[in-house]
Amino acid sequence: MSFFFQCPYCSTKLEIRDDYNGSEIVCQNCGWRGTVPRPVTSGAQPGVAPAQNPAVVPSDKSLTAYILLGIFLGSLGIHDFYAGYTTNGIIKLLITFLTCSFGGVISAIWAIVDVCTVRKDANGRPFVS
Ligand SMILES: [Zn+2]
């Protein structure tokens with residue numbers, strides 16, 4: 001087993017043996033000498049906790065309401081306004097109104113896609129069920 005370290009000087013990939021003991025190594029390409037930080041092995045190092053996701057704060061918006069708004073009022077972008085996607089809501093509204101509700105079909109299809117795929121509000125917080 002070995003790992004690769006990129007020479008800070010010439011960017012040559014230097015192969016480091018897995019039992020590397022922290023002593024100085026020499027780049028064969030440019031002659032750079034230095035020590036190499038060992039790669040972090042899978043959580044084996046004491047005191048180094050694996051990266052944790054920050055606590056997920058749930059949305060104050062309900063998924064059920066979002067879906068119902070999307071199905072019944074989706075062509076007006078109401079579900080977007082509800083979830084905070086104001087820009088998307090305005091675009092749907094404009095599509096619907098500027099085409100004398102002709103384009104409402106487009107907005108409605110877009111809304112159905114939204115309710116099938118969007119599970120977070122505009123702040124990235126998951127909807128509550
Ligand atoms: Zn080098």
Side-chain angles (χ1 to χ4, degrees):
M1 282 292 288
S2 60
F3 63 95
F4 286 94
F5 173 74
Q6 207 173 37
C7 171
Y9 209 79
C10 67
S11 295
T12 299
K13 282 217 162 68
L14 307 173
E15 191 175 359
I16 313 291
R17 283 167 55 93
D18 204 39
D19 58 359
Y20 171 70
N21 59 9
S23 62
E24 202 175 58
I25 57 147
V26 180
C27 172
Q28 286 93 345
N29 190 44
C30 70
W32 173 86
R33 301 168 78 93
T35 55
V36 174
R38 283 189 59 86
V40 179
T41 44
S42 53
Q45 288 194 337
V48 181
Q52 297 268 331
N53 288 331
V56 176
V57 182
S59 176
D60 53 351
K61 304 295 194 295
S62 130
L63 179 62
T64 311
Y66 179 78
I67 291 176
L68 290 176
L69 288 171
I71 291 172
F72 292 107
L73 299 166
S75 59
L76 301 176
I78 304 300
H79 64 298
D80 279 324
F81 293 114
Y82 175 73
Y85 297 106
T86 312
T87 310
N88 280 358
I90 291 172
I91 294 171
K92 289 190 183 66
L93 259 182
L94 288 178
I95 290 175
T96 302
F97 274 104
L98 294 181
T99 59
C100 303
S101 66
F102 218 60
V105 180
I106 298 168
S107 295
I109 292 171
W110 184 2
I112 297 300
V113 173
D114 282 345
V115 301
C116 291
T117 58
V118 176
R119 289 296 175 265
K120 290 176 179 174
D121 69 14
N123 295 315
R125 298 175 302 181
F127 293 128
V128 291
S129 49

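Quick caveat, the model's predicted, so the values are computed rather than measured. Read the numbers this way: they start at 1 and go in the same order the structure lists the ligands and their atoms.
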Donor-acceptor pair, side chain of N123 and main chain of R125, under 3.5 angstrom: no
What residues form a side chain to side chain contact (heavy atoms under 4.5 Å, CB included) with T35, not counting sequence neighbours? Y20
Only one of L76, D114, I78 forms a side-chain contact (heavy atoms from CB on, under 4.5 Å) with K92, so which one is it? D114
Checking D60 now: which residues fulfil side-chain hydrogen bond (donor to acceptor under 3.5 Å, both in side chains) with it, not counting sequence neighbours? none
Please enumerate all residues that pass ring pair (Phe, Tyr, Trp, His ring centres under 6.0 Å) together with Y66, with sequence neighbours excluded. H79, F127
Listed protein N/O/S atoms, distance to the Zn ion (ligand 1) under 2.8 Å: C7 SG, C10 SG, C27 SG, C30 SG
Examine distances only and state if a side-chain atom of S2 and a backbone atom of E15 form a donor-acceptor pair shorter than 3.5 Å. no
